[in-house]
Amino acid sequence: MTGAGEGWLNDGLDLPGADSGLWVSGVDYISGWREAREAADRLNRALLGAGLELSAVRAVASTNEEGRGVVRLTGWPAVVDRLSVLLEARADSDGGAA
């Protein structure tokens, strides 16, 4: 999922070293990353639909050391607080159902 352009990848939210690590020979990182990328893209579309900017909060696909897909949510604290309020309001209106 790209935002208005490729510049959203370098907006200051990147955490140096968060995805750095040693890759293990024989571990299929690509399929785990693809699964995580699809989930991150869905979440990013939902964030955009909720009126949030991907330059302020976004889902990022990654893998763990075993090659399992991981999706991280990264964002500015104030925007993550806003997302929390939206999710809490949704949970309250649904009676807490996920």
Side-chain angles (χ1 to χ4, degrees):
M1 162 83 30
T2 59
E6 294 304 316
W8 71 276
L9 290 171
N10 299 314
D11 59 8
L13 292 177
D14 296 323
L15 302 173
D19 290 319
S20 65
L22 196 57
W23 283 30
V24 177
S25 178
V27 175
D28 181 10
Y29 294 99
I30 299 298
S31 62
W33 180 83
R34 284 183 183 144
E35 181 182 13
R37 180 61 186 243
E38 290 174 10
D41 283 351
R42 283 190 303 273
L43 181 53
N44 284 329
R45 285 191 297 273
L47 293 169
L48 287 169
L52 301 171
E53 296 289 330
L54 294 183
S55 62
V57 63
R58 70 170 180 268
V60 179
S62 185
T63 60
N64 67 9
E65 58 277 354
E66 289 95 27
R68 186 170 182 190
V70 175
V71 177
R72 293 183 173 94
L73 184 67
T74 183
W76 301 115
V79 181
V80 173
D81 284 342
R82 181 175 166 213
L83 176 59
S84 297
V85 169
L86 291 171
L87 292 172
E88 289 168 349
R90 172 66 193 234
D92 289 344
S93 71
D94 287 347

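Sequential numbering from 1 along the given sequence is applied to the chain's residues.
For D81, the side chain to side chain contact (heavy atoms under 4.5 Å, CB included) criterion is met by no residue, not counting sequence neighbours. Remark: A39 pairs with R42, V71 by the side chain to side chain contact (heavy atoms under 4.5 Å, CB included) rule, at least two apart or across chains. For E66, the side chain to side chain donor-acceptor pair (under 3.5 Å) criterion is met by N64, not counting sequence neighbours.
Expressed to the nearest 0.5 Å, how far CZ of R34 lies from OH of Y29 amounts to 15.5 Å. Atoms OG1 and CG, on T74 and L54 in that order, are 11.5 Å from each other to the nearest 0.5 Å. Between the OG1 atom of T63 and the CD atom of E35 there is a distance of 11.5 Å, given to the nearest 0.5 Å. Rounded to the nearest 0.5 Å, atoms CD (E88) and CG (L83) are 9.5 Å apart.
The two residues R82 and A50 have their closest heavy-atom pair at NH2-O, 4.0 Å. The shortest non-hydrogen separation linking A56 to V79 is CB-CG2, 3.6 Å. In terms of heavy atoms, S62 sits closest to A36 at O-CB, 3.6 Å. Taking both residues in full, the closest heavy atoms of A59 and L43 are given as CB-CD2, 3.7 Å, listed atom of the first, atom of the second, then distance.
V70 and W33 end up in different hydrophobic clusters when Ile, Leu, Val, Met, Phe, Trp and Tyr side chains are linked at under 4.5 Å.
Side-chain contact between L73 and L47 is present, with at least one heavy-atom pair separated by less than 4.5 Å.
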